[in-house]
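Some notes on the structure that comes next.
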Amino acid sequence: MLFNFFKKHENQNVVNEHLDGFQTGFNQKQKKAIMCSLFVIANSDGEFHNMENQFFEQTAALLGYRLSSDLDTTINEFMTMDRESLFRNLNSLGESQKDWYIISSWGMVHADGKTIKEELQHLLVFFDEMGISAERIENVIKKSELLMQNFG
């Protein structure tokens, strides 16, 4: 979805330069919390689909997070974060980082082409715990959709 925008861009170097350093705005615990939450959302239906895995890997790369060649080992590392730490680190995101998180987690829900009730429920729990309102979610998603229409 969103990552396809960056792949289709005529001048990939411009995009790479724009995103260069993006990941440095996040600390390691925030990155781990983001990746953990995305895995929880993707796996909430009991399956980690290929398209969800691809989205997961792309998000990790965007964050500059190095995934182990053994995905199970990487997932186990993410899942060592307890619930309290997970939400504390997600809450420590800045406002623009939270907007990015809204778009990324929304993308994960839709990565496999099937939006399942359990995925949305997990997503809403994360947003609720982060103090993200339904109005903010709607505004951020609308803005991202407008960007995609204009540049996609």
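Here the structure is a predicted model, which means the values were calculated and not measured.
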- Inter-residue atom distance Phe39.CZ - Asn53.CG, 0.5 Å rounding: 9.5 Å

- How long is the span from the OG atom in Ser105 to the NE2 atom in His122, to the nearest 0.5 Å? 13.0 Å

- Spell out, yes or no, whether Ile137 and Ile116 are grouped together once hydrophobic residues are joined by side-chain heavy atoms under 4.5 Å, including indirect joins. no

- Message: Please check if the number of heavy atoms outside Lys98 that lie under 6.0 Å from its NZ is greater than 12.
- Response: yes

- Close side-chain approach of Lys32 to Asn89, heavy-atom, < 4.5 Å: no

- Met51 CE: over 12 foreign heavy atoms closer than 6.0 Å: no

- Item | Gap between atom CG of Asn43 and atom NE2 of His49 - 0.5 Å precision | 9.0 Å

- Message: Could you tell me if the side chain of Leu63 sits less than 4.5 Å from the side chain of Trp100, heavy atoms only?
- Response: yes

- Item | Contact summary for Tyr101 and Ser37, nearest pair of heavy atoms | OH-OG, 2.8 Å

- Nearest non-hydrogen partners of Phe26 and Lys31, listed with the distance: O-CE, 3.6 Å

- Query: Do Glu119 and Glu52 have side chains that get closer than 4.5 Å, going by heavy atoms?
  - Reply: yes

- Task: Could you check if a side-chain atom of Ser104 sits within less than 4.5 angstrom of a side-chain atom of Ile34, using non-hydrogen atoms only?
- Result: no

- Message: Apply side chain to side chain donor-acceptor pair (under 3.5 Å) to residues Ser92 and Gln30 and explain how you reach the verdict.
- Response: CA-CA 8 Å; Ser92 73; Gln30 289 171 325; 2.9 Å; yes

- Could you check whether the rings of Phe126 and Phe87 sit parallel, tilted or perpendicular, using 30° and 60° as the cut-offs? tilted

- Taking the side chain as C-beta and beyond, is there a heavy-atom pair between Leu90 and Glu129 under 4.5 Å? no

- Message: Would you compute the distance between atom CD1 of Ile102 and atom CG of Leu123 and round it to the nearest 0.5 angstrom?
- Response: 9.0 Å

- Task: Enter the distance from Thr59:OG1 to Ile103:CD1 here, rounded to the nearest 0.5 Å.
- Result: 11.5 Å

- Query: With a 4.5 Å limit on heavy-atom distance, are the side chains of Met130 and Leu93 in contact?
  - Reply: yes

- Query: Do Asp99 and Arg136 have side-chain heavy atoms sitting under 4.5 Å apart?
  - Reply: yes

- Taken to the nearest 0.5 Å, the spacing of Leu38 CG from Met108 CE works out to 5.0 Å

